[in-house]
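Beneath this line is the structure, given in structure tokens, with notes to follow.
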Amino acid sequence: MKADAFAHLPSNARVIIKPNIVVWLDAPYPKYGVVTTSAVVEETVKLLMAYGINDIAIAEGSLQVDPQGQPIGEKSFEGLGYKKLQQRYGVKLWDVWERPFQKVEVAEGIRLRVNEDLMTADYLVNLPVLKTHAQVKISLGLKNLKGFLDVASRKKCHSADTEKDLAFMIARLTKLLPPSATIIDGIYTLERGPSIDGAPRRSDIVIASSSVVAADMTGAAVLGYDPADIPYLMQACQMAGFTTDGAGIEVVGRTVKEVAAYHQYAFPYNQDGTRPLAFEKMGMEGIKFHKYDSTLCTYCSPLIGMLQTIIALSYQDKPFDDVEFLSGKRQKPSDDMKKSILVGQCMCKLNKDHEGPQEIVKISGCPPKPEEAAEALKSIGIEIPPSLLTDFNTAAGFFMKRFEGQTEFDDAFFTIS
Ligand code: SF4
């Protein structure tokens, strides 16, 4: 019995491998459960070659934390050892940002700009990580396909439209797929993903299927989620002809029950979603930090996390003066607050004509400007240097420290010897 993930692999196919690199930083940072292990990437290349495949490219479009800076693809490929795969096996390395895009209609009237290499490949090997996601609960094979889109299309996926929302868009990404295999790398799994501030575990699981939906359904169950509770997976199931109870998916190898372990997807919020539960537990008064929704995209998410952390660390048992933070593309100031802080260009634009009793403080730009974020914090009595909000290498060091001396977190998985 085998999963037969390469069941639809054509002979002499031009194959693209899509790992999940998410982000690349100059300083050492925790890749466990965040980035696909190089071990799985190398084994995939070897396996494809054993099937007689010689035309192999690895493609990824990682987050540019500084959109004006140098593309990071080259550095990440070097850092993860992929250059050795290039030398040894002739694998091509493609940074999606430096490759052409083409427009593809994924639903009536909705066009996305998609990496042209994917659209012309014969076959895709999708290598996501077995991780949770703060907005959509799990981020596996379907979500990994977003890495083939250009920036504007990624933002478009986080639409304010309540029907054609992020779930709708992720489910439609299946329309981009050539025949494919999905191999979910669960050597490390991640709670409160998808990035370096999450909590990884060593889990030693690999899930493989020739159907991305079957792989994601199984991955969801392994992370402790009912696929019926994940809107994009429910829609993808309907499109692929599966039922959300997993009937029709045969699991071989170890059973889901044997390996399943609940992974929390986000820090919990209070019941009405007005602030993180941690703020309540600390006894914070006079502040709302509304729960981000699916309209928030990549460039605002890290800032939201940092603002919450800074507020929590700076809190000194003194109530705030009725201040709230708003983010994404839908939220509106509440009239019972004296100050509304709008995070990001979309919030500022949505509420530009707002007339209300409260003071409006804007953190404009996309990505939001760190100087304005520091000013906004100052206006509520918290003084920080703006560089604290942009110095990702310092943040990386802080998150990396947690793993010192823990031998199950082994960086050798992210190199190729
Ligand atoms: S400002 Fe924020 S929510 Fe708006 S497009 Fe940029 S990252 Fe997305």
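Read the numbers this way: they start at 1 and go in the same order the structure lists the ligands and their atoms.
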Problem set entry | Donor-acceptor under 3.5 Å (H263 side chain, A261 main chain) | yes
Exercise. Side chains of K146 and L173: closer than 4.5 Å at any heavy-atom pair?
Worked result: yes
For this session: May I ask you to decide if D161's main-chain N or O and D165's side chain share a donor-acceptor pair within less than 3.5 Å?
Result: no
For this session: Please list, in chain and residue-number order, the protein N/O/S atoms closer than 2.8 Å to atom 4 (Fe) of ligand 1.
Result: C346 SG
Exercise. If we ignore angles and hydrogens, is there a donor and acceptor under 3.5 Å between the side chains of T36 and N20?
Worked result: no
Problem set entry | Whether over 12 other heavy atoms sit under 6.0 Å from Y89 OH | yes
For this session: Spell out, as yes or no, whether a donor-acceptor pair under 3.5 Å connects the side chain of K143 to the backbone of I138.
Result: no
